Student: 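Before I ask anything, let me first share the structure, which is written out below as structure tokens.
All values derive from a computational prediction rather than experimental measurement. Residue numbers begin at 1 in each chain, while the letters A, B, ... track the order of the sequences.
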Amino acid sequence: MADYSNLEKVRLEKLNQLKDLGVDPYPRRTKRTHTIQEATEAFLAIEKVQDHEPVQATLTGRIRSVRPMGKVTFAHIEDGSGRIQLFFRANDIGEDQVTFFKDHFDLGDFIQAAGKVFRTRTGEVSLWISEYAMLAKAITPLPAAKDQVVEGEVVQHATLTDPETRFRQRYADLAVNRDVREVFRTRTKTIRAIQHFMDSKGFLEVETPILQPIYGGAAAQPFITHHNQLKQDLYLRISFELYLKRLLVGGFEKVYEIGRDFRNEGVSFKHNPEFTQMEFYWAYADYQDVMSLTEEMFSFVVEEVLGTKSFTYRGQEIRLDQPWRRVDLREGIIEQTGIDFHQHETAADLAKAMKSLDMEFNPKAPRGKLIDDLLGHFLEPTFIQPTFVYDYPREISPLAKTKEEDQGTVERFEGFIGGLELCNAFTEINDPLDQEERFLEMGRSYSEADDEHHPLDEDYLRAMRYGMPPSGGFGMGVDRLVMLLTDQQTIREVLLFPHLREIDK
RNA sequence: GGCCCGCUAGCUCAAUUGGCAGAGCAACUGACUCUUAAUCAGUAGGUUGAAGGUUCGAUUCCUUUGCGGGUCACCA
């Protein structure tokens, strides 16, 4: 038995009264003839016509406000398409019907209302009720939320803001905060736009395993699960990369996947344990080709979603109507810190040079990690306008092909916007012997018994030995892109149900 | 995982050096036939996240703990 609040007990009492009166508070079927938007548009279309037939409509929606005024009552209802005001008048439906509404209907209930669309004296398009019915009684009141339209702007009053309640009870958050619903509409539009773009470029959208016997393609800790019947431990994927490249071996030249990755790591404003990734692989292309396609894709997606090629993120105008800035990683770091990592061949040497910088780091970290730290600390936050950083150290890029003239550097770039890392791409290794060596460099091991080692994916190497065309690959954090397009500061705001700790009972 | 901050009515927030826990909205009763954050009059609503301690007395001070937020660490 639920533990009901006083407010809920009042509503349960109303529910019982309805049942006693023979009214089904949860009827099976409805008689909606128009969405609110359709009814409003139909009315606006004929309003100016002389002697027009009235627009008769049966609407459905959730009651968001009620203003009883004696023998007349106003209310607003909301459906998926918008809001409209209801007008109940005792002269038309009888005083009993107005009273019945006031006595048994609450904010949050779903109602069906039939009548004709008209405009009130104060000019609001409304529905003049001739009949109404309960569609679903709400027992728990929605968090109090009122809004007011002032000069076209929606002003919210006393709305639900507590982040814990908003995320744990996202349904209530969505029900009450229309701007939150809008964020998720934009999210879906973004994913569609990416698909439109990739499809138009001839890429095939595919699906690869989420449950994997060996994880790979990124340097993250995995979640582990178990198949009972097969008595087999499995990992939730940390990237799609190794499977998508197997498809290049199989003869597909352009593939992409949009889906969920899982990483067993810390949670932050830009990290959630499960997040949405888009990766594509493109045969006969290299990282320069991928860079051009990335520019084109972002420009397309932003325009398709927002209707313009620029937008505001954290108060700054981001422009996608021009080529991205390009920064050589080594030169960028020299410029910001004076340190040339080519002059520091070992981790210890580089760490020593970094001591004078205003930055904390682990002095025992490997050299590649230190370089990545410098990028993250000194460069990343400064990349507000779209920026590519290119040519990364070999030791943090085990799947990227080295530069012809420099075996210590790989053909790789990352893309940044608004100080956020959005994507990562490189010319893929397709030399199976080189790939094997690079795995071994990373400490991958053939001995499966040793839990300390990230196992080496032998099947991936076998695939590569069948021959993989020279290719470029790309990965992007879709959630972060949505953060940009909706001007949200944390990834939780663009995930419908972000991860939260379980509450102890 | 470390550090800092928060948790008070359904929601948003107050509460003096430790001294009867309040307001607006929502709810309830009543008035009101074009209102719109409707208005007006009245009523009710609380284990102050949880447990323990100090004190005549704790929302307030101390300890432990839960959850959230920020930040650092971790993070191809």
Side-chain angles (χ1 to χ4, degrees), chain A residues 4-11 13-14 64-76 83 85-92 95 98 103 106-108 118-124 126 128 139-150 154-169 172-173 176 216-221 238-239 241 263-271 273 275 359-362 365 368-369 371-373 375-377 392-400 410 412 414 421 423-426 442 475 489-490 492 498 500-505:
Chain A
Y4 291 113
S5 71
N6 290 334
L7 296 182
E8 289 169 325
K9 283 173 187 160
V10 169
R11 288 176 176 227
E13 180 52 35
K14 292 179 182 178
R64 295 306 314 275
S65 67
V66 179
R67 291 175 296 284
M69 304 198 39
K71 296 192 172 53
V72 75
T73 287
F74 294 91
H76 274 100
R83 281 185 188 213
Q85 178 170 257
L86 305 184
F87 178 54
F88 299 79
R89 190 159 161 267
N91 288 11
D92 307 306
E95 206 168 320
V98 175
D103 287 349
D106 287 299
L107 300 183
F118 76 112
R119 201 179 274 279
T120 62
R121 275 179 213 163
T122 47
E124 180 165 350
S126 307
W128 194 313
I139 292 172
T140 305
L142 287 169
K146 288 195 169 185
D147 46 43
Q148 182 187 19
V149 179
V150 180
V154 176
V155 182
Q156 305 237 28
H157 300 277
T159 187
L160 173 68
T161 56
D162 174 43
E164 183 165 0
T165 312
R166 286 188 50 228
F167 298 143
R168 283 194 198 282
Q169 301 186 36
D173 182 33
V176 141
Q221 290 296 307
I238 59 173
S239 89
E241 175 151 7
R263 296 188 182 174
N264 205 340
E265 288 160 359
V267 176
S268 82
F269 77 95
K270 53 182 173 176
H271 298 268
F275 63 101
M359 138 182 202
E360 283 181 36
F361 62 95
N362 178 359
K369 166 68 182 149
I371 293 169
D372 203 40
D373 283 349
L375 166 63
H377 193 266
Y392 281 65
R394 169 195 179 103
E395 56 263 48
I396 53 172
S397 315
L399 298 158
V410 298
R412 172 180 169 191
E414 291 184 311
E421 181 196 330
C423 59
N424 179 28
F426 34 85
M442 293 299 288
Q489 322 262 316
T490 99
R492 286 185 299 271
L500 292 175
R501 202 183 294 260
E502 194 178 9
I503 302 176
D504 259 10
K505 296 260 169 72

Student: So what does Glu414(A) hit on the nucleic acid, given a heavy-atom distance under 4.0 Å: a base, only sugar-phosphate, or nothing?
Tutor: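 It contacts sugar-phosphate atoms only.
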Student: From C11(B), G68(B), C28(B), pick the nucleotide closest to the side chain of Arg501(A)?
Tutor: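 Of the options given, the side chain of Arg501(A) lies nearest G68(B).
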Student: At 4.0 Å (heavy atoms only), tell me whether Thr120(A) reaches a base, stays on the sugar-phosphate, or touches nothing.
Tutor: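 Touches a base.
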Student: Using a distance-only criterion (donor-acceptor N/O pair, under 3.5 Å, no hydrogens), is the base of U35(B) paired with the side chain of Thr73(A)?
Tutor: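 No, no donor-acceptor pair under 3.5 Å.
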Student: Determine whether a donor-acceptor pair (one donor, one acceptor, N or O, separation below 3.5 Å) exists between the side chain of Ser268(A) and the base of U71(B).
Tutor: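 No such pair is found, so the answer is no.
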Student: Test of understanding: with side chain to side chain contact (heavy atoms under 4.5 Å, CB included), list the residues that count as partners of Glu241(A), not counting sequence neighbours.
Tutor: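 Applying side chain to side chain contact (heavy atoms under 4.5 Å, CB included) to Glu241(A) gives Ser239(A), Lys245(A), Glu279(A), Tyr281(A), Leu399(A), Phe426(A), Glu428(A).
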Student: For a quick test of reading the model: is some side-chain N or O of Lys14(A) closer than 4.0 Å to OP1 or OP2 of C28(B)?
Tutor: yes
Student: Could you please name the partner base of C32(B), counting Watson-Crick and G-U wobble pairs only when both distances are under 3.5 Å?
Tutor: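 Result: none.
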Student: Which is true for Asn91(A) with a 4.0 Å heavy-atom rule: it touches a base, it touches only sugar-phosphate, or it touches nothing?
Tutor: base
Student: For the side chain of His271(A), starting at C-beta, report the closest nucleotide among C75(B), C32(B), A26(B).
Tutor: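 It is C75(B).
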Student: When we call it a touch if two heavy atoms are under 4.0 Å apart, what does Ser5(A) touch: a base, just sugar-phosphate, or nothing?
Tutor: nothing
Student: Can you give me the closest heavy-atom contact between Thr73(A) and Pro68(A), atom names plus distance?
Tutor: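 That would be OG1-CA, 3.5 Å.
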Student: Nearest of C32(B), U71(B), A76(B) to any side-chain atom of Met69(A)?
Tutor: C32(B)
Student: Given G70(B), U35(B), G68(B), which nucleotide is nearest the side-chain atoms of Arg67(A)?
Tutor: U35(B)
Student: Say we look at G49(B) and G66(B): how far apart would their C1' atoms be, to the nearest angstrom?
Tutor: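 G49(B) and G66(B) have their C1' atoms separated by 7 Å.
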Student: Can you find a donor-acceptor pair, distance only, under 3.5 Å between Thr161(A) side chain and U12(B) base?
Tutor: no
Student: Roughly, in whole Å, what's the span from CZ in Arg64(A) to P in U35(B)?
Tutor: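 Distance check: Arg64(A) CZ to U35(B) P gives 22 Å.
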Student: Which heavy-atom pair separates His271(A) from Ser268(A) by the least distance, and what is that distance?
Tutor: CD2-OG, 2.8 Å
Student: So which nucleotide from C75(B), G69(B), U33(B) ends up closest to the side chain of Phe167(A)?
Tutor: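 Among the listed nucleotides, the one closest to the side chain of Phe167(A) is G69(B).
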Student: Any idea which of C75(B), G69(B), A76(B) is nearest the Ala218(A) side chain?
Tutor: A76(B)
Student: Whole angstrom is fine here: how far is it from CD in Glu164(A) over to P in G70(B)?
Tutor: 12 Å
Student: With sugar-phosphate meaning primed atoms plus P, OP1 and OP2, does Leu107(A) contact a base, only sugar-phosphate, or nothing at under 4.0 Å between heavy atoms?
Tutor: sugar-phosphate
Student: From C-beta outward on Arg492(A), which listed nucleotide comes closest to its side chain: U36(B), G69(B), C67(B)?
Tutor: G69(B)
Student: What is the base-pairing partner of G46(B), counting Watson-Crick and G-U wobble geometry with both distances under 3.5 Å?
Tutor: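 Because no pair has both required distances under 3.5 Å, G46(B) counts as unpaired.
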Student: Could you check how far CZ of Phe269(A) sits from P of A73(B), rounded to whole Å?
Tutor: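 In whole Å, A73(B) P and Phe269(A) CZ are 12 Å from each other.
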Student: Which label fits Phe87(A) and Trp128(A): parallel for a plane angle under 30°, tilted from 30 to 60°, or perpendicular past 60°?
Tutor: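 Because their plane-to-plane angle is over 60°, the rings of Phe87(A) and Trp128(A) count as perpendicular.
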Student: Could you check which of G69(B), A27(B), A76(B) has an atom nearest any side-chain atom of Leu7(A)?
Tutor: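 Comparing G69(B), A27(B), A76(B) against the side chain of Leu7(A), the answer is A27(B).
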Student: Under a 3.5 Å cut-off for both distances, is A23(B) Watson-Crick or wobble paired, and to whom?
Tutor: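 Because both required distances fall under 3.5 Å, A23(B) counts as paired with U12(B).
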Student: Does Gln85(A) contact U35(B) through a side-chain donor or acceptor facing the base, at a distance under 3.5 Å?
Tutor: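 Answer is yes: a donor-acceptor pair is held.
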Student: With a 3.5 Å limit on both atom pairs, tell me what A58(B) is paired to, counting Watson-Crick and G-U wobble, or say none.
Tutor: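 Matched A58(B) with nothing under the 3.5 Å cut-off.
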Student: Looking at side-chain heavy atoms only, is the closest gap between Arg64(A) and Val176(A) below 4.5 Å?
Tutor: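 Yes - at least one pair of side-chain heavy atoms lies under 4.5 Å apart.
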Student: Quick one: on RNA chain B, does Asn6(A) or Glu265(A) contact a more 5' nucleotide (nearest heavy atom)?
Tutor: Asn6(A)
Student: Under 4.0 Å: is that the gap between some side-chain N or O of Arg11(A) and OP1 or OP2 of A27(B)?
Tutor: no
Student: Once you apply a heavy-atom cut-off of 4.0 Å, does Tyr392(A) come out as touching a base, just sugar-phosphate, or nothing?
Tutor: nothing
Student: Take atom CD of Glu421(A) as the centre, draw a 6.0 Å sphere, and report whether it contains more than 12 heavy atoms from other residues, nucleotides or ligands.
Tutor: yes
Student: Nearest to the side chain of Leu500(A), which nucleotide is it out of G68(B), A27(B), U12(B)?
Tutor: G68(B)
Student: Mind checking whether Gln85(A) and Arg67(A) have side chains closer than 4.5 Å, heavy atoms only?
Tutor: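 Yes. Closest side-chain heavy atoms under 4.5 Å.
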Student: Roughly how far apart, to the nearest Å, are G18(B) and C61(B) at atom P?
Tutor: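 My reading of the P atoms in G18(B) and C61(B) gives 7 Å.
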Student: Which nucleotide in the list A27(B), U33(B), A76(B) gets nearest to the side chain of Arg412(A)?
Tutor: A76(B)
Student: Given atom CZ of Phe74(A) and atom C1' of C32(B), what is their separation to the nearest angstrom?
Tutor: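 Going from CZ in Phe74(A) over to C1' in C32(B) covers 12 Å.
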Student: Hunt down the Watson-Crick or G-U wobble partner of C3(B), both distances under 3.5 Å, from any strand shown, or write none.
Tutor: G70(B)
